[in-house]
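Shown next, in structure tokens, is the structure this report addresses.
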Amino acid sequence: MKSPSDRASIFRPKRIGLVGFDEVTALHLVGAADAFVAAALDDGYGNCIPCYEVHTIGVLSDRFRAEDGLMFEARETLRTAPVLDTIVIAGGRGIQRPEVSDKVAAWILKRINDTRRIAAVCTGIYGVAPTGLLNEREVTTHWRFARDLARRFPRLKIDHRKPFVRDGPYYTTTGLSGGVNLSLAMIQEDYGPYVAQSVEQELTLRLTKEDQEELASDSAPFDNHPIDRFSDLVAWVIRNLNADLSVEVLARRACMCPSHFSKVFKSVFGEPPSDFVQNLRLNEARRRLSKRQKTLRTISQSVGFTSSATFQRAFEKKFGGRPSTYLENGQRRGRAAAANGSFVEHTSATRSNKELALSSSVKG
């Protein structure tokens, strides 16, 4: 039996870097941090697996004072920060000082190849815009700063009316609660609506309608019942038979640890996830074998089999016949249907010609 720590090690929390400085807006840091920390997966044994590892990062020092006077002691500085999955630049009066914004921009450019996504909360965009990474991209910021931002960075496509904008790997948001909304949007993107909505319940918050529309992802109501989770999962599997459908991938999508996921899945469907996925793949392959102008290799690859030999063995075991036989029968039926269609077309054309000739003779 694996210990809880062993089970938790299956998941590696995503590292989030929250960048702060003197005269930062405190809520941009605190709200975002609390939301990310609240995101966790159920390991099925009464324990929680954290989804994120949050690092507060100071620009000029590991200690800085917020606009409202609160003091922060950062976990890291720009120099000591580890490799990060996501970088979030908070807003505040301090980011508009060149010694801060220039340092942040230079640091981002050094990190760009190792970072999956970069976000700016409200005026935090002043730390990202100098990099040139946002040129020709859609962004948002507080309406009071939109004109100044457009003047200084004319290649940005600014729409301050939107509270949340995602353009590729770059995210911008506005408002005092922008950090929280950004966090919820990212949590939903990474782990689905169930985890995001559980964080909303934990913090008594709500992802705004505009943010959900910008994410363009499913907005199913929060429900921990496994059948409800699995119904969405199975529909996704059917649409993605050629993708990686390992237990780890499916469990992560269902927001469960692999061991617990396998047990619950088998109790619901009566077979392990791997057998269920293979049956879906084989049934779909048999259907596609009836299509014309297909080969065994293209069909096996289209439903997720990496080896034609593995596909043929699994197919024979399930259906008791070779896939090549199904393919030949399907193509034979296709040729017969095509030939019959040509015959009907030829007969119709001949009949039409005879009727035309008869009509001409009567008129003559």
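Index from 1, following the sequence.
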| Any Asp190 side-chain heavy atom under 4.5 Å of Tyr52 side chain | yes
| note | In terms of heavy-atom contacts, Thr140 and His160 come closest through OG1-CA, 3.6 Å
| request: Check Ile95, Val19, Asp22, Val24 against Val100 for a side chain to side chain contact (heavy atoms under 4.5 Å, CB included) and give me the one that passes. | output: Ile95
| query | Taking atom CD1 of Ile118 and atom CD1 of Ile125, what is their separation to the nearest 0.5 Å? | reply | 12.0 Å
| message | Membership question, hydrophobic clusters at under 4.5 Å side-chain separation (ILVMFWY): are Ile158 and Trp143 in the same one? | response | no
| task | Determine the minimum heavy-atom distance between Leu245 and Leu250, stating which atoms define it. | result | O-CD1, 3.7 Å
| request: Just say parallel, tilted or perpendicular for the rings of Phe315 and Phe319, cut-offs at 30° and 60°. | output: tilted
| Between Cys51 and Phe36, is any pair of side-chain heavy atoms under 4.5 Å apart? | no
| query | Would you say the side-chain atoms of Thr173 pair up with the backbone N or O of Pro163, donor to acceptor, closer than 3.5 Å? | reply | yes
| request: For Ser177 and Val180, indicate whether the former's side chain and the latter's backbone hold a donor-acceptor pair under 3.5 Å. | output: no
| Short side-chain to backbone donor-acceptor contact, Thr141 and Cys122, under 3.5 Å | yes
| message | How long is the straight-line distance from OG of Ser300 back to CG of Leu282, given to the nearest 0.5 Å? | response | 11.0 Å
| query | Between Lys318 and Asn283, is a side-chain contact (heavy atoms from CB on, under 4.5 Å) present by the stated rule, with each step listed? | reply | CA-CA 9 Å; Lys318 179 173 177 61; Asn283 288 331; 3.3 Å; yes
| said: Using side-chain heavy atoms (C-beta onward) and a distance below 4.5 Å, is Thr123 in contact with Phe145? | reply: yes
| field | Pro272 and Ser262, any side-chain heavy atoms less than 4.5 Å apart | value | no
| Heavy-atom check, side chain of Thr77 versus side chain of Thr80, under 4.5 Å | yes
| query | Any idea which heavy atoms bring Ala81 and Arg111 closest together, and the distance? | reply | O-NH2, 2.5 Å
| Verdict with reasoning, Arg117 to Glu189, per salt bridge (Lys or Arg N to Asp or Glu O under 4.0 Å) | CA-CA 12 Å; Arg117 58 192 176 191; Glu189 181 182 272; 2.8 Å; yes
| Of all heavy-atom pairs between Asp275 and Glu271, which one has the smallest distance, and what is that distance? | CB-OE1, 3.8 Å
Taking distance alone, no hydrogens or angles, what donor-acceptor pairs closer than 3.5 Å link side-chain atoms of residues 55-65 to residues at least two apart or in another chain?
{"residue": "His55", "atom": "NE2", "partner": "Glu53", "partner atom": "OE2", "Å": "2.6"}
{"residue": "Ser61", "atom": "OG", "partner": "Arg63", "partner atom": "N", "Å": "3.2"}
{"residue": "Arg65", "atom": "NH1", "partner": "Gly69", "partner atom": "O", "Å": "3.4"}

| Minimum heavy-atom distance Gly91-Phe21, with the two atoms named | O-CZ, 3.8 Å
| request: Mark yes when over 12 heavy atoms from residues, nucleotides or ligands other than Arg116 sit less than 6.0 Å from its CZ; otherwise mark no. | output: yes
| task | Determine, stepwise, if the pair Tyr170 / Thr131 fulfils side-chain contact (heavy atoms from CB on, under 4.5 Å). | result | CA-CA 12 Å; Tyr170 304 102; Thr131 64; over 6 Å; no
| So which heavy atom on Leu149 is nearest to which on Tyr126, and how close? | N-OH, 3.8 Å
| query | For the atom pair CZ (Arg252) and OG (Ser246), what is the distance rounded to the nearest 0.5 Å? | reply | 11.0 Å
| side-chain contact (heavy atoms from CB on, under 4.5 Å) between Asp159 and Val165, intermediate numbers included | CA-CA 9 Å; Asp159 186 350; Val165 173; 5.8 Å; no
| In Å, rounded to the nearest 0.5 Å, how long is the span from CZ of Phe311 to CG of Leu296? | 6.5 Å
| said: So that I can tick it off, tell me whether Asp148 and Arg151 are bridged by a salt bridge, with the cut-off set at under 4.0 angstrom between side-chain N and carboxylate O. | reply: yes
| field | Evaluation steps, side-chain contact (heavy atoms from CB on, under 4.5 Å), between Ile87 and Trp107 | value | CA-CA 11 Å; Ile87 293 173; Trp107 178 74; 3.7 Å; yes
| task | Evaluate whether atom NZ of Lys266 has more than 12 neighbouring non-hydrogen atoms of other residues, nucleotides or ligands under 6.0 angstrom away. | result | no
| Given side chains that start at C-beta, do those of Leu134 and Phe153 come closer than 4.5 Å, heavy atoms only? | no
| task | Compare all side-chain heavy atoms of Thr86 with those of Tyr171 and state whether any distance is below 4.5 angstrom. | result | no
| query | Taking atom CG of Leu241 and atom CZ of Phe305, what is their separation to the nearest 0.5 Å? | reply | 9.5 Å
| query | Got a second to check how far Arg137's CZ is from Asp167's CG, nearest 0.5 Å? | reply | 5.0 Å
